[in-house]
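When a residue number appears, it is its place in the shown sequence, counting from 1. Both ligands and their constituent atoms are indexed starting at 1 by order of listing.
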Amino acid sequence: MTKFAELIVDGKSYQLPIVEGTENERGLDISKLRAESGLITLDYGFKNTGSTQSAVTFLDGEKGILRHRGYRIEDLAEKATFLEVAYLLIYGKLPNEDEYQTFNKEIKEHQLVHEDIKKILSGFPSNAHPMGVLSSLATSQTAFFPESLDPHRPIEKKDITIRRLLAKIPTFVAWAHTKEAGIRQNYPNPKLSYVENFMHMLFSKPNQPYEVDPIIVQALEKILILHADHEQNCSASTVRIVGSSQASLYASIAAGISALWGPLHGGANQAVIQMLENIKHDGGDVEKYINKAKDKDDPFRLMGFGHRVYKNFDPRARIIKKNADEVLSRLGIQDPVLDIAKKLEETALKDDYFVERKLFPNVDFYSGIILRAIGIPTLMFPVMFSLGRLPGWIAQWKEMRANKEPIGRPRQIYVGEKERDFVERKDRK
Ligand code: SDX
């Protein structure tokens, strides 16, 4: 039985239905508010506003809970492969053996990219940021697969586009890196697993094929799983709103890559390492940077700290921090920035400024340390986030289109000039 909240404005009463989800989250349905009252709501950054009802991912920011289709992130990170998690997010269930083999095989069949991709790559200057390259290559797929532009194509026909994206994005990511590094592009090797193949394309040299290191493959598999989806974050919301105009999945993913690029979102993992390196070169004075982060007159922020949803801890950060220790010790790497990161965390979590604002390490705080340890260049960190987040973006887009959600078009409160006449200048001809 639907419950209602009552809103009284200028003495008039409005009934707002209360929507309740499967995890007892509640929201006020204001879809008829403007029609009935002329009022809209105003919520900068949508901090209190839900854009949809979704069955893909559940977060509880107070309890540090993250589940994909009901499965705990801790279990998925420990026991699943990245492709299993991708299948789960996109199709709503873990694949059985046959489904998994078919999914894997079909992705392998599409890993090769058109040779004209090299012409697009050659058009970029060598200092092009790989996120800009990746977003362009994702959009370019609309030219190679124009049928993807048909908004009326049945949703199940979009599976080929989904497989092409999962198959080709790793190739684009690797080629964006080799382009930036000025080295030869490696072709995909279907004999290797998804992650092994990615590492091969990233690191193989003409006379020195990449030697698969199970420690590195396992660490990267986990990193990708931990980035796979995160409900209505900035980039997923971007993918949804672009897709809501019936733009193609390729165009929507390209928009998501651009949204993720910002240092407040997926670009934070690159910014964290640059911050830690700066602190190291500046003598490792952690207190100095904690004070800078607290100083409102100082633009410096503690990158990798804080989160819109998590207000106690980011479960992904916990897993990654533990993994960082394991990977570095198994690889026999001593990375001084890991010690600086731990000292920053320890100092911040004892400081009222951070405690009062519930600022804790997020997924980006430690991830760069693992990526660096397995040889991924810093500039590639946001692109690695894109690779991990791809199945989540696809799942969110698919759900939005399957539910036939309306085009996203927020309202506003106008605060500009009131009506005024256009008076022609005397000097006009
Ligand atoms: C991701 O949404 C998702 O799910 C995102 C993500 C995903 O998986 O998709 O989890 C991935 O984007 C993680 C976040 C990565 N970004 C960073 O690490 C950048 C540093 N963090 C922030 O800039 C910030 O914490 C955000 C962007 C993450 C969250 O910003 P909010 O929710 O808009 O909070 P806010 O900026 O309003 O901050 C509230 C207060 C402010 O102080 P007061 O005005 O109350 O005095 O906290 C302060 C802020 O100044 N604050 C920080 C801080 N983050 C917030 N102060 C210093 N250092 C920080 N990092």
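Using cut-offs of 30° and 60° on the angle between ring planes, the pair Trp175 and Tyr187 is perpendicular. Below 30°, between 30° and 60°, or above 60°: for His129 and Trp261 the angle between ring planes is between 30° and 60°, a tilted geometry. Relative orientation of the Tyr310 and His230 rings is tilted, given thresholds of 30° and 60° on the angle between their planes.
Listed by chain and residue number, the protein contacts of ligand 1 are Lys47, His230, Asn233, Pro263, Leu264, His265, Ala268, Ala293, Lys296, Arg301, Leu302, Met303, Gly304, Phe305, Gly306, His307, Arg308, Arg316, Tyr353, Arg357, Leu359, Asn362, Asp364, Phe385, Arg389 (heavy atom within 4.0 angstrom).
Partner of Ile370 under the side chain to side chain contact (heavy atoms under 4.5 Å, CB included) criterion, chosen from Asn323, Leu331, Asp335: Asn323.
Asn48 and Asp43 share a donor-acceptor pair across their side chains, judged by distance under 3.5 Å alone.
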Note to self: Test salt bridge (charged side-chain N to carboxylate O under 4.0 Å, His left out) on Arg67 and Glu23; report intermediate values, then the result.
What the structure shows: CA-CA 11 Å; Arg67 294 193 211 118; Glu23 290 289 347; 2.7 Å; yes
